[in-house]
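Everything numeric in this text was worked out from a predicted model, so none of it was measured.
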Amino acid sequence: MSAALVRRLMGLLPPTLQAPLRRAYRAFVPVPAEPMMYRVHLFKELLAAAGRDAFRAKRILEIGPRDGLDSRRLAGLDPGLLVLVDLPEKRGLTEAWIAKLPCPHRYIEANLMYMPAAEIDALGTFDLVWCTGVLYHNAEQLRFLRRLYKLLDVGGWLVLESSTLRGPRRLREGAYVQIHYPHTFRDTGTVTHLPTAGAVRAWLGMAGFSDIRDSRCFETDNRDLLGLRAAWLARKTDEEGGGLYYAKSCLNPAYRLGDST
């Protein structure tokens, strides 16, 4: 019996019966090591694809570290530098653990999409960009992915995870974006564009990635999130990449998707 099914059953029971059911379930199924175990499995997929030593002494960028659990895993790869970027409003979460990271690191309070060009250039490039739970909070998602692409060295990896569009299966299996405006999705204040997994995969290709691998990180401990969230491993295989538009006539400069200013 899955944890999701147990939660649904408990919701149907009176409070006096919920605690015994929870104890009985935990007698056979131990408490997960952390709340979102799919992140653990996503990290293992990265190591299987790239190799455990692929990022030793290399540069890693993490966007939106929040609780620091992924940050500690990334620090365990023995990078030369781990750069972490999160919003000023997250300071209360990050200051509790940031100084304890056991690797050279730099923490930047900023929104990656609103950093001045000079500050983006000063970041340099990276061998790994780790970005979970962030994409769908951005209205300009293609531009966001293009920025991550350009922050990677050739041969570098992007690990991406996002919430995805809810609704009928015929919609979820297509490449669509659901607009939530002026009332944001679930009153988050940030989620105005909720894409399907197919839409995100298309954007990754438009941004420049050609080696895109669908993750199976939800299948072991978080099957209740299948169809609600999705994740990918994407590798940058050439310096420029990405789609062009207004290119049919061959009379215009190269207008690369996601590069507009």
Polar side-chain atom of Asp221 near backbone of Met37 as donor-acceptor pair, under 3.5 Å: no

Over all atoms of both residues, closest heavy-atom pair of Ala197 and Ala230: CB-CB, 3.9 Å

Salt bridge (charged side-chain N to carboxylate O under 4.0 Å, His left out) partner of Asp67, the single match among Arg72, Arg39, Lys90: Arg39

Ring pair (Phe, Tyr, Trp, His ring centres under 6.0 Å) partners for Tyr149, two or more places apart: Phe209

Side-chain donor/acceptor of Thr196 to backbone N/O of Tyr176, under 3.5 Å: yes

Crowding at CZ, Arg216 (>12 non-hydrogen neighbours, <6.0 Å): no

Main-chain N/O of His193 paired with Gln141 side-chain donor or acceptor, under 3.5 Å: yes

Val83 backbone acceptor or donor facing Arg106 side chain under 3.5 Å: no

Side-chain donor/acceptor of Thr192 to backbone N/O of Ala139, under 3.5 Å: no

Flag, side chain of Arg56 to backbone of Ala54, donor-acceptor distance under 3.5 Å: no

Contact summary for Leu151 and Gly124, nearest pair of heavy atoms: CD2-O, 3.5 Å

Pair Glu173 + Arg169: basic N to acidic O under 4.0 Å: yes

Arg235 side chain vs Gly155 backbone, donor-acceptor pair below 3.5 Å: yes

With sequence neighbours excluded, residues passing salt bridge (Lys or Arg N to Asp or Glu O under 4.0 Å) with Arg201: Asp214

Side chain to side chain contact (heavy atoms under 4.5 Å, CB included), paired with Arg147, selected from Ile120, Val129, Asn138, Leu142: Ile120

Minimal non-hydrogen separation, Thr184 against Thr190, with atom names: CG2-N, 3.9 Å

Transitive ILVMFWY side-chain link Leu194 to Leu204, under 4.5 Å: no

Pair Arg256 + Glu240: basic N to acidic O under 4.0 Å: yes

Under 3.5 Å: donor-acceptor pair, side chain of Glu62, backbone of Leu82: no

Lys/Arg N to Asp/Glu carboxylate O, Asp259 vs Lys150, below 4.0 Å: yes

Considering all heavy atoms, the nearest Leu257-Met206 contact: CD1-CE, 3.7 Å

Ala247 backbone acceptor or donor facing Asn252 side chain under 3.5 Å: no

For Trp157 against Leu152, the heavy-atom pair lying closest together: O-CD2, 3.3 Å

Intermediate values then yes/no, side chain to side chain contact (heavy atoms under 4.5 Å, CB included), Leu93 and Asp86: CA-CA 10 Å; Leu93 293 173; Asp86 216 332; over 6 Å; no

Minimal non-hydrogen separation, Leu233 against Val159, with atom names: CD2-CG2, 3.7 Å

Whether Arg59 side chain and Pro79 backbone form a donor-acceptor pair below 3.5 Å: no

Approximate separation, where rounding is to 0.5 Å, of Met36 CE and Glu34 CD: 7.5 Å

